There are 4 protein chains.
Amino acid sequence: MTPPRSDPDTGKRDVILDAALELFAERGFHGTAVPLVAERAKVGAGTIYRYFESKEHLVNALYRREKQRMTAALADGFPFDQPPREQFHVLFERAIAFMKGNAISVRFLELHHHAAYLDAESRALEEHGNALVEAAFRASIAQLAMRDLPPALLVAIVWGVFDGLLRAWSEGRLELSPAVVAQAEQCCWEAIRR
Amino acid sequence: MTPPRSDPDTGKRDVILDAALELFAERGFHGTAVPLVAERAKVGAGTIYRYFESKEHLVNALYRREKQRMTAALADGFPFDQPPREQFHVLFERAIAFMKGNAISVRFLELHHHAAYLDAESRALEEHGNALVEAAFRASIAQLAMRDLPPALLVAIVWGVFDGLLRAWSEGRLELSPAVVAQAEQCCWEAIRR
Amino acid sequence: MTPPRSDPDTGKRDVILDAALELFAERGFHGTAVPLVAERAKVGAGTIYRYFESKEHLVNALYRREKQRMTAALADGFPFDQPPREQFHVLFERAIAFMKGNAISVRFLELHHHAAYLDAESRALEEHGNALVEAAFRASIAQLAMRDLPPALLVAIVWGVFDGLLRAWSEGRLELSPAVVAQAEQCCWEAIRR
Amino acid sequence: MTPPRSDPDTGKRDVILDAALELFAERGFHGTAVPLVAERAKVGAGTIYRYFESKEHLVNALYRREKQRMTAALADGFPFDQPPREQFHVLFERAIAFMKGNAISVRFLELHHHAAYLDAESRALEEHGNALVEAAFRASIAQLAMRDLPPALLVAIVWGVFDGLLRAWSEGRLELSPAVVAQAEQCCWEAIRR
DNA sequence: AATGAATGAGCTTTCATTCAT
DNA sequence: CATGAATGAAAGCTCATTCAT
């Protein structure tokens, strides 16, 4: 029942990913030297190559981990049975909460979105998130709660607003107090509701 | 009447900037080697350094050129005397038109937003664009045409939507037909109008 | 008794300095490419930058090493309590011995004397050597053994003669047999003695 | 009788050599970029290549010009018929005068002495100067005015002292007042006289 | 004849990756 | 297993030289 082994380095892979996350989010993939990741992870440079075949494999592993964490944070236990407005409220709150607790992850995902060095699997994951939200939106449209517009358009609008909020917040141009978040949610809802 | 000059002095400086634009937008700053820019510009590698002190000076010059082009496209002759809804319409149309005609520029600006190698002047330009829009929005709020919310929030929402549209469009998830654009505009207006 | 180690860790740093010494003495600082130093040291080009921040740091480290070696060879255990003529004899012998055993070092020091890329610490070391000899000469003047002339003049004369001998010898115009050395010493002494 | 032609650019070659002299003396051959020489000479970069086949030809031409100027300054109209002490006095005065009026030339000659890029003709000129002085010294030895030592040794001593004086003077460690020059001359004479 | 913009080989330096310890 | 010193290919940049004007 307990982890079968000593465990001291069970986390070494994650320690490396954590270090890479901070640095890639800050300086980009090409702007980050592998030895720097090693130093930040307090690990020998060679060690990284025990866990990842190459620097590209490292970003891809990281991209997947973060994308999945974010998708899980938004989708796990999502109340599909609630009315559309309530579903939207939950989605919005979760997104804001994830953003505030994982600013670096979000910055990383945004910066590496559609990068040339992401492989097929990572790209597939990109689709996946969108598809989930699109499905939910499609249901809301069917229930006549959202405008009858291309779901891709509605998704683009909502993601776009999140992105705008993230940037304004992380650049210090906007404070995300509960009041502002509530207002932002209402604005966003007005944009897409029927 | 003069010899059909192949392209005598279109300004080699601009040829270099054009090549850099494509490559930086595609592969990022650190992912683009200077000799690659030279090759794309059909210019010797050393020539770039006759026009730009360093690779960093090159991105900054490019960033300013593109930011100014975009700001001009949105702001030149802007109808500040029209009613807010009309002003918003003009802004939206201009933004979409610029986006469609200059997808690479917009992708470049987005990717290099707030990068560590942008200098003070480039950053000042970043502020400038936002400030212009914020001022217009503030006026619309005063006229009771937009919700009385922090202007930074309204700006974030509108920029965010543009960004979402750009991405969905450039990744082929959304077609920007006149009808879709009109719908998107109406959505966006609903988000911020009073 | 231990394995006849080929040269395990003679200090790669010193191996690099040795290679740089030969090349800088022969071709000058700007005339010597770093990969050439690497090749001569049988080391990868990048390795040099693990031991020295830059090519300039490399020359400076080398300059200090050689200047200190030479200063030590002349000054360590110098018989300040002996009569001036004897002190001069010791100085002369030591200088000639160092020159014959370290022609490349002396050539290097001479060639890089007062070069623009020497830093403050290296320049301070230049002063130091002169100051030592000047002090000794001042004492000899006080003992009425040397002419009462500006010490800087006496030092210039003696160093100059050494330099002349070095050049004539290393260009093959003059053999430094014991007899010639003895004669040179006597000539030099005649120049400065009271 | 007058120069046959317009003459405006009769001097262009010399203007280039003058510029090169300053720069090579200050920064060395490899440390000086040809376009810099052009700029200093107020001449187009290409112009230099009308007058000199290559950078190496340029240094060699310069080396010869300066070596010849110096040899002429010392040897032209030399009073071979005067007694040795007087000859030495003239030589010494001339050398000091040349040094003071042509510090840069002397620094250049010293720095480029025996450099790898000097060609056979330049090297031959190096010999020539020495040979002249050696001949004079040989005569003085024959007249029993100088010690019966290898002429090369005597020459090395005298050149060395000049060099020492030049350095001490140009580094500001020694002032070359008439009194000091007279003292230096006497010292030097004592070194070699019988 | 003179120019100086243009070039590309080569320089200094960095960094993804390997491998002896 | 983990390390980090070592590597060399490739990056950013400079400069001797050429050539269209």
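Basis for what follows: all heavy atoms, side chains included, without hydrogens, waters or symmetry-related copies. Quantities reported herein were computed from a predicted structural model and do not represent experimental measurements. Throughout, protein chains are lettered first and strands after them, A, B, ... in sequence-line order, and every chain is numbered starting at 1.
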Q) D/Arg50 side chain N/O closer than 4.0 Å to the phosphate oxygens (OP1, OP2) of E/dA1? A) yes

Q: Go through the structure and list residues passing side-chain contact (heavy atoms from CB on, under 4.5 Å) with B/Tyr51, not counting sequence neighbours.
A: B/Lys12, B/Arg13, B/Ile16, B/Thr47

Q) Residues two or more places apart in sequence or in another chain: which of them pass salt bridge (Lys or Arg N to Asp or Glu O under 4.0 Å) with B/Arg50? A) none

Q) So what does the secondary structure string of DNA chain E come out as, 5' to 3', with Watson-Crick or wobble pairs under 3.5 angstrom, [ ] for crossing and | for pairs with another strand? A) .||||||||||||||||||||

Q.
Could you tell me if A/Glu171 and B/His113 have a donor-acceptor pair between their side chains, going purely by distance under 3.5 Å?
A. yes

**Q.** Short side-chain to backbone donor-acceptor contact, D/Glu126 and D/His114, under 3.5 Å
**A.** yes

(Q) Using a 3.5 Å distance criterion without hydrogens, assess whether the side chain of D/Ser122 forms a donor-acceptor pair with backbone atoms of D/Leu118. (A) no

(Q) Please enumerate all residues that pass ring pair (Phe, Tyr, Trp, His ring centres under 6.0 Å) together with B/Tyr117, with sequence neighbours excluded. (A) B/Phe29, B/His30

Q: Just do the salt bridge (Lys or Arg N to Asp or Glu O under 4.0 Å) check on D/Asp18 and D/Arg40 with the steps written out, would you?
A: CA-CA 9 Å; D/Asp18 291 343; D/Arg40 178 78 62 107; over 6 Å; no

Roughly how many Å is it from [atom1] in [X] to [atom2] in [N], rounded to a whole number?
X	N	atom1	atom2	answer
C/Leu23	E/dC11	CG	C1'	15 Å
C/Leu36	E/dT12	CG	P	10 Å
C/Arg27	E/dG10	CZ	P	14 Å
A/Glu39	F/dT3	CD	P	13 Å
D/Lys12	E/dA2	NZ	C1'	6 Å
C/Ile48	F/dA9	CD1	P	16 Å
B/Ile16	E/dA5	CD1	P	13 Å

(Q) Heavy atoms only, 4.0 Å cut-off, all strands: where does C/Tyr51 land among base, sugar-phosphate and nothing? (A) sugar-phosphate

I'd like a list of close polar pairs between nucleotides 14-18 of chain E and the protein, N/O only, cut-off under 3.5 Å.
| from | atom 1 | to | atom 2 | distance (Å) |
| --- | --- | --- | --- | --- |
| E/dA16 | OP1 | A/Lys55 | NZ | 3.0 |
| E/dA16 | OP2 | A/Val34 | N | 2.3 |
| E/dT17 | OP2 | A/Tyr49 | OH | 2.8 |
| E/dT17 | OP2 | A/Lys55 | N | 3.0 |

**Q.** D/Thr71: side chain to side chain donor-acceptor pair (under 3.5 Å) partners, not counting sequence neighbours
**A.** none

(Q) Run the side-chain hydrogen bond (donor to acceptor under 3.5 Å, both in side chains) test on C/Arg69 and C/Ser105 for me, step by step, so that the C-alpha distance in whole Å, both residues' side-chain angles and the decisive distance to 0.1 Å come before the verdict. (A) CA-CA 9 Å; C/Arg69 284 201 328 112; C/Ser105 294; 3.1 Å; yes

